[in-house]
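Here is how names work: the chains are called A, B, and so on, in the same order as the sequence lines, proteins then strands, and each is numbered from 1. What you are looking at is a predicted structure, and each value in this text was computed from that prediction instead of being measured.
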There are 2 protein chains.
Amino acid sequence: MKTVIKKEELATVAQNLFKDKGFAATSMRDLANEADIGLATIYNYVKSKEDILQGICFKVADDFLSIMEDNKKGSLQQQLDFAIKSHVAVMIDNIEASAVFMQEWKHLTEPYLSEFLAMRDTYEKYFIKIIRKGVKEGAFQKMKPKFAAITILSALNGIYDWYKPNGKMSAKEVGENLSDLLIKGLII
Amino acid sequence: MKTVIKKEELATVAQNLFKDKGFAATSMRDLANEADIGLATIYNYVKSKEDILQGICFKVADDFLSIMEDNKKGSLQQQLDFAIKSHVAVMIDNIEASAVFMQEWKHLTEPYLSEFLAMRDTYEKYFIKIIRKGVKEGAFQKMKPKFAAITILSALNGIYDWYKPNGKMSAKEVGENLSDLLIKGLII
DNA sequence: CCTACCGATCGGTAGG
DNA sequence: CCTACCGATCGGTAGG
């Protein structure tokens, strides 16, 4: 019981510190202090420092990938709209973990690094496919699909830097506005 | 002579390693090895490890800010187009330094951290102002100017992750395509 | 520009 | 779950 709670607290603390200070600049002692346990106790919950990072990165990667399986209906514009809004929803549901996912994955070592990059690549390809089809059909502007996909994902992935859970915009609003801006553009 | 060359080599090495491994995970010994000098020699060129990071971050910040002074002519759509293309040009001209600017600024300590954030804020306000005027005039979609500005900047700032100097897209093409996608949107 | 070194801190473990 | 500790590496410096 208490063990489970402490383990979850450690996970939360790790997400916050890895986001704020970065993985390399966060020591196991920092984590222990913030979670209010002894240094050696951490190793009852995790195997190593990188083990914690892996947990965060692959959890978020799984979340991203699972949403795409439900995304096969409607027009290509609707599919892209759904993909954007779902991506935003996952990020906002795990805002600290998402920040770590985006910024700290480079500290993964092999073979996890390759596995991680492969998952990210697979996810990116969902966006590329939708856009490629849309360009071919003439629904979207003539544009390199990979370029457009990466640009849209970059715009979405910036959220963790400014989104405040108790701020002026709700999670739903953020998704709607991003979809609107990226699909329809800024000019009228 | 030789000193100047080695100093420049050290700067280049620092940009590359800070980008690839991150500031905290790069040791002064890493820099010395890569620049092919002794560890202690580094301190003839810089005062400290953070001194190197400051040099990179503030150089890029200056570059970004200086382009906005020339941007007061034309319609608001033209001004935004110019701002986007100039931002992309600065990034691509300093692609490694830009990556460090975007990802590693959090390792700056006070008072440099506050100064850096203030410069970034000033720059962001240029984009916000253009968009706010455009929304008021009815040239742009009705949208929160700050939200739109941050989203556009996030999309632009993702470049360092994928842009290859010898790749398929020229710097000019990247700027034109980004301006097109973000201002006009993906759908026709 | 380098050799040799400093105190501090790191990730992790033995043993209980 | 903690005390006490390990070897390795860190940023930086003395002295030349």
Side-chain angles (χ1 to χ4, degrees), chain A residues 1-58 100 103-113, chain B residues 1-58 100 103-113:
Chain A
M1 295 249 288
K2 236 185 181 177
T3 294
V4 173
I5 291 172
K6 273 295 172 192
K7 186 168 183 177
E8 280 170 8
E9 189 177 338
L10 178 64
T12 303
V13 161
Q15 286 174 21
N16 286 323
L17 287 188
F18 286 176
K19 180 191 175 184
D20 291 341
K21 305 180 59 168
F23 174 77
T26 302
S27 71
M28 295 301 260
R29 284 156 181 84
D30 290 336
L31 298 178
N33 289 338
E34 206 72 24
D36 214 36
I37 55 178
L39 163 65
T41 308
I42 293 182
Y43 293 91
N44 290 329
Y45 304 131
V46 297
K47 280 188 311 189
S48 66
K49 191 182 170 189
E50 194 189 323
D51 190 32
I52 305 175
L53 182 63
Q54 287 164 17
I56 296 170
C57 289
F58 285 102
V100 175
Q103 297 202 284
E104 305 301 325
W105 60 265
K106 72 171 89 163
H107 295 106
L108 293 171
T109 57
E110 295 295 353
Y112 305 99
L113 179 60
Chain B
M1 295 250 287
K2 238 185 179 175
T3 293
V4 173
I5 291 172
K6 273 293 172 192
K7 185 167 184 178
E8 279 170 10
E9 189 178 337
L10 177 65
T12 303
V13 161
Q15 287 173 20
N16 286 324
L17 287 187
F18 286 175
K19 179 190 176 184
D20 291 340
K21 306 180 58 168
F23 174 77
T26 302
S27 71
M28 294 301 260
R29 283 156 182 86
D30 290 336
L31 298 178
N33 287 339
E34 205 74 22
D36 215 34
I37 55 178
L39 164 63
T41 309
I42 294 182
Y43 294 91
N44 289 327
Y45 304 131
V46 297
K47 281 188 309 189
S48 67
K49 192 182 171 189
E50 194 189 322
D51 189 32
I52 304 175
L53 182 63
Q54 288 163 17
I56 297 170
C57 289
F58 284 103
V100 175
Q103 297 200 286
E104 306 300 326
W105 59 265
K106 71 171 90 161
H107 295 106
L108 293 170
T109 56
E110 297 294 353
Y112 304 99
L113 179 60

Side chain of [X] only, heavy atoms from C-beta on: which candidate in [options] is closest?
{"X": "Ala40(A)", "options": "dA14(C), dG12(D), dC1(D)", "value": "dA14(C)"}
{"X": "Ile37(B)", "options": "dC2(D), dC2(C), dT13(D)", "value": "dC2(C)"}
{"X": "Thr41(B)", "options": "dC1(D), dC2(C), dG11(D)", "value": "dC2(C)"}

Measure from [atom1] on [X] to [atom2] on [N] and round the result to the nearest Å.
{"X": "Ile42(A)", "N": "dC2(D)", "atom1": "CD1", "atom2": "P", "result": "10 Å"}
{"X": "Lys7(A)", "N": "dC1(D)", "atom1": "NZ", "atom2": "P", "result": "12 Å"}
{"X": "Asn44(B)", "N": "dT3(C)", "atom1": "CG", "atom2": "P", "result": "14 Å"}
{"X": "Glu50(B)", "N": "dC10(D)", "atom1": "CD", "atom2": "C1'", "result": "16 Å"}
{"X": "Leu31(B)", "N": "dT9(D)", "atom1": "CG", "atom2": "P", "result": "17 Å"}
{"X": "Tyr43(B)", "N": "dG16(D)", "atom1": "OH", "atom2": "C1'", "result": "19 Å"}
{"X": "His107(A)", "N": "dC10(C)", "atom1": "NE2", "atom2": "C1'", "result": "15 Å"}
{"X": "Asp51(B)", "N": "dT13(D)", "atom1": "CG", "atom2": "P", "result": "12 Å"}

(request) Could you check Gly38(B) against Met28(A) and say which one's nearest nucleotide on DNA chain C is further toward the 5' end? (result) Gly38(B)

(message) Ile52(A) vs Phe18(A), test: side-chain contact (heavy atoms from CB on, under 4.5 Å). Steps then yes/no.
(response) CA-CA 10 Å; Ile52(A) 305 175; Phe18(A) 286 176; 3.9 Å; yes

(request) State whether the number of non-hydrogen atoms from other residues, nucleotides or ligands found under 6.0 Å of Phe58(A) atom CZ is greater than 12. (result) yes

(message) What I want to find out is whether Glu104(B) reaches Lys106(A) closely enough, with some N-O distance under 4.0 Å, to be called a salt bridge.
(response) yes

(request) Give DNA chain C the dot-bracket treatment, 5' to 3': Watson-Crick (N1-N3 with N6-O4 or O6-N4) or G-U (N1-O2, O6-N3) under 3.5 Å, [ ] crossing, | other strand. (result) ||||||||||||||||

(message) Just N and O in the side chain of Ser27(B): are any of them under 4.0 Å from OP1 or OP2 of dT9(D)?
(response) no

(request) Establish, from distance only, whether the side-chain atoms of Thr41(A) and Asn44(A) form a donor-acceptor pair under 3.5 Å. (result) no

Output one line per pair: protein atom, nucleotide atom from nucleotides 5-8 of chain D, and distance, for all N/O pairs under 3.5 Å.
none

